[in-house]
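All values derive from a computational prediction rather than experimental measurement. Letters A, B, ... are given to chains in the order of the sequence lines, protein chains preceding strands, and every chain is numbered from 1. Any value given below was found using the heavy atoms of this structure, including those in side chains, with hydrogens, waters and symmetry copies removed.
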Amino acid sequence: GQQVMQIPQYQHVQEGEDFTTYCNSSTTLSNIQWYKQRPGGHPVFLIQLVKSGEVKKQKRLTFQFGEAKKNSSLHITATQTTDVGTYFCAGKTSGFQKLVFGTGTRLLVSP
Amino acid sequence: DGGITQSPKYLFRKEGQNVTLSCEQNLNHDAMYWYRQDPGQGLRLIYYSQIVNDFQKGDIAEGYSVSREKKESFPLTVTSAQKNPTAFYLCASSLRQTTYEQYFGPGTRLTVT
């Protein structure tokens, strides 16, 4: 079945450092979504990418969808302690009804 | 206030008992979902529903049951057949099932001893 993996599983950075998480699908995706889950909280939608090679920015966050639509990345510039949480990608294939969540990357930011 | 509510936040049950987790949304969303999250793990889909009176099994449906009698409500029953029921359960909804973002409830943490 469709699988979505994320790397790294965990990253600990100093405040101000950059952070990137990568998402890789075993199959071509029709779209990819990114969610953030704060410790003890629930996932919150961040963004959706649909087009091949698409890049979207939200302040310090940059999201990219690969040309082959099988991978995606989230890059945070100059992390802040408020960025702490687990970031999940979630992808859907065109012929498949379900959104498949990635394994998540847990980010810890030290002040 | 529009959103998804799940109750209770924490639930404790003895092994062998069925337990029903509630999920209500007032977003007028057609699609609803149940996920299970284990510590340090991703989200695994249990059941989903695209419309009232219709639902499909997700990846880990064994030991669970659902109903969708009303658009607003999608309760999940964790039966005694579920071998490892202790987990964090998240309910979500989306406008439709296709490419729309999912809105999550606050979750219910179920502990079975």
Using the test side chain to side chain donor-acceptor pair (under 3.5 Å), find all partners of A:Gln64 that sit at least two apart in sequence or belong to another chain.
-> none

How about residues 51-61 of chain A versus chain B: which residues have heavy atoms under 4.5 Å apart?
->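 Within residues 51-61 of chain A, near chain B: nothing under 4.5 Å.
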
Kindly work out whether a path of hydrophobic side-chain contacts (I/L/V/M/F/W/Y, heavy atoms less than 4.5 Å apart) joins [X] to [Y].
{"X": "B:Met32", "Y": "B:Leu21", "result": "yes"}
{"X": "A:Met5", "Y": "A:Ile32", "result": "no"}
{"X": "B:Leu45", "Y": "B:Phe74", "result": "no"}
{"X": "B:Val78", "Y": "B:Ile46", "result": "yes"}
{"X": "B:Tyr64", "Y": "B:Trp34", "result": "yes"}

Taking A:Tyr35 for its side chain and B:Gln102 for its backbone only, find out whether a donor-acceptor pair lies under 3.5 Å.
-> yes

[atom1] ([X]) with more than 12 external heavy atoms under 6.0 Å:
{"X": "A:Tyr22", "atom1": "OH", "value": "no"}
{"X": "B:Glu69", "atom1": "CD", "value": "no"}
{"X": "B:Tyr103", "atom1": "OH", "value": "no"}
{"X": "B:Glu62", "atom1": "CD", "value": "no"}

Would you give the length of the straight line joining atom CG of B:Asp59 to atom CZ of A:Phe101, rounded to the nearest 0.5 angstrom?
-> 11.5 Å

Point-to-point distance, once rounded to the nearest 0.5 Å, from OG of B:Ser94 to CD of A:Gln33 |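 If I round to the nearest 0.5 Å, the distance is 8.5 Å.
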
Smallest separation among heavy atoms of B:Leu43 and A:Phe88, with atom names =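 Closest pair (atom of B:Leu43, atom of A:Phe88, distance): CD1-CZ, 3.8 Å.
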
Sort B:Tyr35 into side chain, backbone, both or neither according to what part of it lies under 4.5 angstrom from a heavy atom of chain A.
-> side chain

If we only count heavy atoms from C-beta on, is the [X] to [Y] side-chain gap below 4.5 Å?
{"X": "A:Thr103", "Y": "B:Gln41", "value": "no"}
{"X": "A:Gln37", "Y": "B:Gln37", "value": "yes"}
{"X": "B:Phe104", "Y": "A:Val44", "value": "no"}

